[in-house]
2 protein chains.
Amino acid sequence: MKHVAESTVRRLSLYLRFLEDFESKGLATISSDELAARGGTTSAQVRKDLSLFGSFGKRGLGYSVPQLAARLRAILGLGREWRVVIIGAGKIGSALAQYHGFAQRGFRVVGVYDSDPAKIGQTLDGIRIRSVEAIDADGASLTPDIAVITVPAEAAQRAVDRALRAGVHGVLNFAPVHLQVPPTVALKTVNMAMELEGLAFALVNRSDVAIESAGGAD
Amino acid sequence: MKHVAESTVRRLSLYLRFLEDFESKGLATISSDELAARGGTTSAQVRKDLSLFGSFGKRGLGYSVPQLAARLRAILGLGREWRVVIIGAGKIGSALAQYHGFAQRGFRVVGVYDSDPAKIGQTLDGIRIRSVEAIDADGASLTPDIAVITVPAEAAQRAVDRALRAGVHGVLNFAPVHLQVPPTVALKTVNMAMELEGLAFALVNRSDVAIESAGGAD
DNA sequence: ATAGCTTTGTGAAGAATTTCACAAAGGCCC
DNA sequence: GGGCCTTTGTGAAATTCTTCACAAAGCTAT
């Protein structure tokens, strides 16, 4: 298949969210124009994005909401359960472990790890926090797909290395560092300091402020 | 000045982080190559990014670490204090309110708001949680620059509208919705579900997995 | 069944961003 | 000071992403 840009995937994910909204309201069809309006893009962009994967609409009518939603779920790989381990049970890690929105979308937290002896053994939303050293050994039984890294910057690379040994193929990194992973591993970094600095930049260079969304490279 | 791409700003922010690292290690100079290696880019990209703002290096030698760091801080608008209000004192909001990394970089939390009567009046890191309804009135005394939105999706637009009335010009949104703001306001959205779905997509389309970083459009 | 209105799907054009590649500059050593 | 090595700054080329614009389809009403 043709190469799919990261920005396209982000938008698909966004479209899916609106579709689910529409679905719950019982609407049957939606046009690329409506989808675009809610997503802050143009209808041409919506159609281009979708056209990468096939042709899902009906001319003159638009898209069937449930059908398109199902297609997007399939495209995004949401038809299965993704097993997630969270490494770092600090404020952010704990918040994520307890956030049920993930479970709803098929991301199931199967393990939480920390290095602080005071935290190890505590329970977070039904999951016992274990020592980071247990990750390697747990890999075989937990078979995690994705690791979420919420440890301090200094510990992040070690945490990822462990996660990779445990069989993880995707990493969502919240530590403010650029992590080294083999090219077969998908890595995304969310860096809140970077977002705030982006805002600061926009504010001091006020004139045609029109930034939108987060994302970028790390 | 020439238009600066968002991706450039993200990278500048990243470079600054490395520079601070180097600074603390006492290194005097750094080359675009070294900066690139740690940032996962190319040296040409680094030089291009910096060249938008001036010419800071010495040929044959590289960049003076403290000088370049100072320049980047000035460019990114980190020379002053940014006053931040957090709207939504749930898990994520509380975690952010207590995260001291922000204060270090000049982002000072001056107010925390929630709509839950059980939370109002409680103290978070020295700041009393107040009712969301107080935001409008507080604007004049708190003079916030930036609002961080950590309320549920349904409440997000209302929260932003309040924040704008309180005088905010930048918004960092954690709610999974596309917010409407006037074009003079800078908006960034961090959407964790979107990041996870991006990973899921990369994992099911495994072949040349080579995603990096978060960011994009919302 | 035809006319009229709407909306998709998509090549082609345009804009933005990244990479290339190299001349110009600076330091260092003999 | 001349040669040599390194690294910047930057036009030009290449690539990637977005927008344009329009023919092809489908529905509705008559």
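Lettering follows sequence order; numbering is per chain, from 1. As the structure is a computational prediction, the values presented were derived from the model and not from experiment.
Between A166(A) and P144(A), the closest heavy-atom pair is O-CD, 3.7 Å.
Between R83(A) and D145(A) there is no salt bridge, since no side-chain nitrogen of the basic residue lies less than 4.0 Å from a carboxylate oxygen of the acidic one. A salt bridge links K25(A) with D21(A): at least one charged nitrogen is closer than 4.0 Å to a carboxylate oxygen. The pair R38(B)-E34(B) does not meet the salt-bridge criterion, since no charged nitrogen lies less than 4.0 angstrom from a carboxylate oxygen.
Near DNA chain C, meaning a heavy atom under 4.0 Å away, there are no residues from residues 29-36 of chain B.
With a 4.5 Å cut-off on side-chain heavy atoms, K188(B) and M194(A) do not count as touching. Side-chain contact between Q157(A) and V177(A): absent, with no pair of heavy atoms (C-beta onward) separated by less than 4.5 Å.
In this structure, the side chain of S43(B) does not engage the main chain of S32(B) through any donor-acceptor pair within 3.5 Å. Although no hydrogens or angles enter the test, the distance criterion places a donor-acceptor pair under 3.5 Å between the side chain of T150(A) and the main chain of I87(A).
OP1 or OP2 of dT18(D) has at least one side-chain nitrogen or oxygen of S7(A) nearer than 4.0 Å.
In this structure, R47(A) atom CZ and dT18(D) atom C1' are separated by 13 Å, rounded to whole Å. Atom CZ in R59(B) sits roughly 12 Å away from atom C1' in dT6(D) (whole-Å rounding). One atom, NZ of K58(A), and another, C1' of dT28(D), lie 16 Å apart when rounded to the nearest Å. The separation between E6(A) atom CD and dT15(D) atom P is 21 Å, rounded to whole Å.
Where DNA chain C meets chain A (any atom under 4.0 Å from a heavy atom), the bounding nucleotides read 5' to 3' are dT6(C) to dA12(C).
Residue order along DNA chain D, read from the 5' end via each residue's closest nucleotide, puts V4(A) first among V4(A) and L61(A).
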